[in-house]
Q: 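One structure, pasted below without further comment.
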Amino acid sequence: MSVDSALRPLPVTEGTQGVTPSKRALIIARNGEYNDVLEREDRLLSLLAHIRWVILQLSRSRYAERTGVRSDLVEQSENDRFSPHATHLSREVYSAFVRLWNGTEVPQEFVRAVIDEMLGDQRRTVYGLFEEFELRMGPHKVEERTGVSLPALRERRDQGHLTPFRDLNRVLCSFPPREHGVDVSLVRSVWVTEARSILEGKRSVPPVLAELHIRDQLSTRPKLTRARTRLAPSTRRTPEFELARFKMPSWDKALPVLTKIVGQQGAQKLRERYEKAYAMEQVRPQFFVALREKQRQRGISDGMMKTILQAEGRPSSFLRDPALEGKELLNETAPPAVLAHVVAEMPEEAEELIACFREERTLYRKRLGTDSAGHPLRLDREQWGVSKRSLIAIINDVREDGSEEVNTALAQCKEMDPPLTERDITLFENCQGAEERISNEVAEALSIIVHHLGMTKAHEAIAIRDSFSKPSTVKEAITRLSERAGARISTEFRQLSDAVRATLPEYIGPMFASKHHMRRFAEGIEVPSWPLLEHIVKCMGGEMTDALRADWRDRYTEQLAGTIAVPKGRKAPKLHPTPKRLLKPRALEPLARVLHLTMEELEHNMRQFSDRRFGGSASAPDMVAYCLRDCNATAKALESGREEQKEWKDLWPQIERILLAADIAKGTPRWEFVHCLYKAKQDVPAALCQWREILRAQGLDPEEHDESLAGLLPAERGDE
């Protein structure tokens, strides 16, 4: 007889033969109660009443004694449908009924019918399987033996999480089949169906990767599940870890891992599908790949990036793929958004990179099944590298930024009572208790503060980056550009030297761009000529600035005057190629310095100036050299009191030829200064006074033509 056909009204007098009149009256009354339950046309209530009265032939009081349930609850279970997942009490009541049935003559088809009616469509889900286990064996017994509780499973179900198969397998292994009463093949098929639905549907995991994870969890010793919990930096780039985090390495890298999971033949069967899915994954925007490409286009080396970010340690320790991080991605050393602003040429490019990061990060966390996969505040904190602790610290700080919007946001967060905590942010980002503590207005204020903290770091990094391409001092130019080339300043400048010498003009000569000279340039012991410095900066992608030219003039003047600071044990710099018989002194006098610097601003040295500016005249090099020698020697003679008027007067024609060859026209401020310095016999204060009077007579402001005084020391100009 089927279950449904057995649920029929009983004749009122059935079972009353051969009994006492008092017992006959009780049986008739209970038969009537049973028929009243059937009239409700509720299958679950009918089944419960049929099993108790027809099959077990127990009164409600006797039934309560056997099951350990109160009589009023037994009566309520047959008159009002209990919800098996509404309260703990109702689950205990139903579980007590089922445990009694399993130890008696109640047919299993009736037990199965009751469980099917109670669970309904949920029975074909993982959560429904656990409910059946608890109904058959009792919730306390299941939780005690397996460590799996139904409330935790319910929360996992509501959040769309996948229940690991090991939890189900733990139940199957903890109880004998006759006790749990569930077909093992049914358990596997239900779990596989739900796992495929969650992974492929809700999490957007590629089917081949979802199948791999399913087969891994069904194995007795899952490998990807263990690899996913490894957070040591040394394991984050392994193919096993990437697959565990739903990333797809190339086929060659993934093959050893796939072989361990599905075997050699199974791996080869997956190859075509895997490579197709891998190709589709590569089409997706990848933040780290785009970032590296922009970095390569801008010529920013990892060493340069380390200096820009003011980071310690090796660049590889903080310049890594954010998607391979562990549970958190809050790298305060190298925030993704700051990196984007550093490598981007325009703000729009930085915004595109940041949008790519947010999209990739949202998908990554969605595949992991994280609650806050696309939470705006969490993404803001991740992209700017702002931890919850840093956020709370800036909110509690009484100082104000100065920006009205930021100050308003800070004030709004500070007014919260009790004060905002890290736990509040955690609950809000996990979409739990969001309305209780953090409103939409407060969340918007938090995002403003996070953006402010990140942009502050970005502006600092951009300022340092610009110093690479727009240096303001000679030392900074060589140092920054050597970092751009990837050289380590503390060891040698071979990479920078090789990069410069590869495109060096023939007239400069490779010896002046050697690593030895590069190191001395960076240390400030020696100053290159302006053409050599210009070539170094431009070949490394930098730009010449007015500040750099002003610093070069000051440093080169110190070198010519012999006042440049040289560390103990290091050799002082030599003047650029000049016949030693003509210029033996290291320190040049003011007029010689002015002429020397004027030539070196245009050409690499005096020999090159003579050859290229005097039309190849054979006598020009000697004329220039003798002119500088006489200017220096005359100044020495004047200091000793031996004034040689004739020799002094004869120098101006040669000096004028040099100025004209240097494209300094007669009457210009610089030409006038050299002329005044010559007429004053290198008396610098007198020459400056006369020069300023000439400029004022021409309607010019002397302070606007300070560059015309190139070749004078700051003390001689009156700057110190």
Side-chain angles (χ1 to χ4, degrees), residues 467 470-479 520-534 537 544-568 570 572-576 583 585-602 628 631-632 634-636 638-639 655 658-659 662 664 668-696 700-720:
S467 68
K470 299 178 181 179
S472 57
T473 65
V474 176
K475 184 176 181 179
E476 186 180 77
I478 305 299
T479 302
R520 289 176 65 86
F521 294 157
E523 292 173 348
I525 299 175
E526 190 173 338
V527 185
S529 65
W530 180 255
L532 177 57
L533 179 63
E534 188 175 26
V537 173
M544 308 305 291
T545 61
D546 295 337
L548 178 61
R549 180 179 283 273
D551 181 75
W552 176 84
R553 285 171 174 168
D554 291 342
R555 301 289 81 75
Y556 202 81
T557 300
E558 291 179 2
Q559 179 171 286
L560 295 175
T563 60
I564 195 166
V566 180
K568 187 176 180 180
R570 303 298 298 274
K574 297 179 181 179
L575 296 178
H576 285 288
L583 283 178
R586 293 186 182 278
L588 299 183
E589 297 304 317
L591 187 56
R593 290 202 305 267
V594 171
L595 294 176
H596 204 300
L597 188 140
T598 299
M599 290 184 286
E600 299 261 355
E601 276 187 310
L602 300 174
L628 290 178
C631 287
N632 215 46
T634 302
K636 294 293 184 182
L638 291 174
E639 289 178 3
I655 294 175
I658 294 174
L659 294 177
I664 299 177
T668 59
R670 191 161 187 176
W671 188 94
E672 292 290 355
F673 170 69
V674 177
H675 194 208
C676 290
L677 189 61
Y678 172 76
K679 290 190 297 180
K681 300 179 181 179
Q682 303 203 60
D683 184 352
V684 177
L688 286 174
C689 183
Q690 185 179 1
W691 175 71
R692 291 189 177 105
E693 290 179 359
I694 293 174
L695 290 190
R696 291 191 185 100
L700 301 176
D701 185 1
E703 294 183 358
E704 296 180 356
H705 296 276
D706 282 345
E707 73 279 357
S708 301
L709 305 180
L712 295 184
L713 295 170
E716 294 173 334
R717 296 196 302 262
D719 295 345
E720 296 179 357

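For reference, positions follow the sequence shown, starting with 1.
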Q: Taking Pro702 as the fixed residue, which of Leu695, Leu688, Leu709 is the one that meets the side chain to side chain contact (heavy atoms under 4.5 Å, CB included) rule?
A: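 Option passing the side chain to side chain contact (heavy atoms under 4.5 Å, CB included) with Pro702: Leu695.
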
Q: Using side-chain contact (heavy atoms from CB on, under 4.5 Å) as the criterion, list what pairs up with Ala550, not counting sequence neighbours.
A: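 Result, side-chain contact (heavy atoms from CB on, under 4.5 Å) vs Ala550: none returned.
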
Q: Checking His705 now: which residues fulfil ring pair (Phe, Tyr, Trp, His ring centres under 6.0 Å) with it, not counting sequence neighbours?
A: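 So His705 forms no ring pair (Phe, Tyr, Trp, His ring centres under 6.0 Å) with any residue.
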
Q: Go through the structure and list residues passing side-chain contact (heavy atoms from CB on, under 4.5 Å) with Asp551, not counting sequence neighbours.
A: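 Asp551 satisfies side-chain contact (heavy atoms from CB on, under 4.5 Å) with Thr473, Val474, Arg555 only.
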
Q: Looking only at heavy atoms, which two atoms of Val684 and Pro590 are closest? And how far apart?
A: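 Val684 and Pro590 have their closest heavy atoms at CG2-CG, 3.8 Å.
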
Q: To the nearest 0.5 Å, what is the distance between OG (Ser529) and CD (Gln559)?
A: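 It is 10.0 Å, given to the nearest 0.5 Å.
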
Q: To the nearest 0.5 Å, how far apart are CD in Glu693 and CD in Glu672?
A: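 Nearest 0.5 Å value for the CD-CD distance: 12.5 Å.
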
Q: Got a sec, which residues hit side-chain hydrogen bond (donor to acceptor under 3.5 Å, both in side chains) with Thr598, two or more places apart in sequence or on another chain?
A: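 With sequence neighbours excluded, Thr598 shows a side-chain hydrogen bond (donor to acceptor under 3.5 Å, both in side chains) to Arg670, given in chain and number order.
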
Q: Salt bridge or not between Glu707 and Arg553? Use side-chain N to carboxylate O under 4.0 Å.
A: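 Judged by the 4.0 Å cut-off on N to carboxylate O distance, Glu707 and Arg553 do not form a salt bridge.
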
Q: What residues form a side-chain hydrogen bond (donor to acceptor under 3.5 Å, both in side chains) with Arg692, not counting sequence neighbours?
A: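 Checked Arg692 against side-chain hydrogen bond (donor to acceptor under 3.5 Å, both in side chains); zero matches.
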
Q: Between His596 and Tyr556, how do the two ring planes meet: parallel, tilted or perpendicular, split at 30° and 60°?
A: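 Plane angle between 30° and 60°, so tilted.
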
Q: Ignoring hydrogens, what is the shortest heavy-atom contact between Ile694 and Cys676? Give both atom names and the distance.
A: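 Minimum heavy-atom contact is CD1-SG, 3.6 Å.
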
Q: Closest heavy-atom contact between Leu533 and Pro528?
A: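 Where Leu533 meets Pro528 most closely, the heavy atoms are CB-CG, 4.0 Å.
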
Q: State the OG1-CZ distance between Thr668 and Phe673, to the nearest 0.5 angstrom.
A: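 That separation rounds to 12.5 Å.
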
Q: Take Leu713 and Arg593 through the test side chain to side chain contact (heavy atoms under 4.5 Å, CB included) and record every step on the way to the result.
A: CA-CA 10 Å; Leu713 295 170; Arg593 290 202 305 267; 4.1 Å; yes

Q: Not counting sequence neighbours, which residues clear ring pair (Phe, Tyr, Trp, His ring centres under 6.0 Å) with Trp530? List them please.
A: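 For Trp530, the residues satisfying ring pair (Phe, Tyr, Trp, His ring centres under 6.0 Å) (neighbours in sequence not counted) are Trp552.
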
Q: Among all residues two or more places apart in sequence or in another chain, which pass the side-chain contact (heavy atoms from CB on, under 4.5 Å) test with Asp701?
A: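 Here the qualifying residues are Glu703, Glu704.
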
Q: When rounded to the nearest 0.5 angstrom, what is the spacing between CD1 in Ile658 and CD1 in Ile664?
A: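 It comes to 10.5 Å.
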
Q: Does a side-chain heavy-atom distance below 4.5 Å link Leu628 with Met599?
A: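 In contact.
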
Q: What is the minimum heavy-atom distance between Ala710 and Val594, and which atoms define it?
A: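 Smallest heavy-atom distance, with atoms named: O-CG2, 3.7 Å.
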
Q: Taking the side chain from Gln682 and the backbone from Cys631, do they hold a donor-acceptor pair closer than 3.5 Å?
A: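 Yes, Gln682 side chain to Cys631 backbone: donor-acceptor pair under 3.5 Å.
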
Q: Going by the rule side-chain hydrogen bond (donor to acceptor under 3.5 Å, both in side chains), which residues pair with Thr545 if we only count those two or more places apart in sequence or in a different chain?
A: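 side-chain hydrogen bond (donor to acceptor under 3.5 Å, both in side chains) list for Thr545, sorted by chain: empty.
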
Q: To the nearest 0.5 Å, what is the distance between CG (Leu712) and CG (Leu677)?
A: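 Leu712 CG to Leu677 CG: 6.5 Å, rounded to 0.5 Å.
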
Q: Looking at OG of Ser472 and CG of Asp546, how far apart are the two atoms once the value is rounded to the nearest 0.5 Å?
A: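 That separation rounds to 12.0 Å.
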
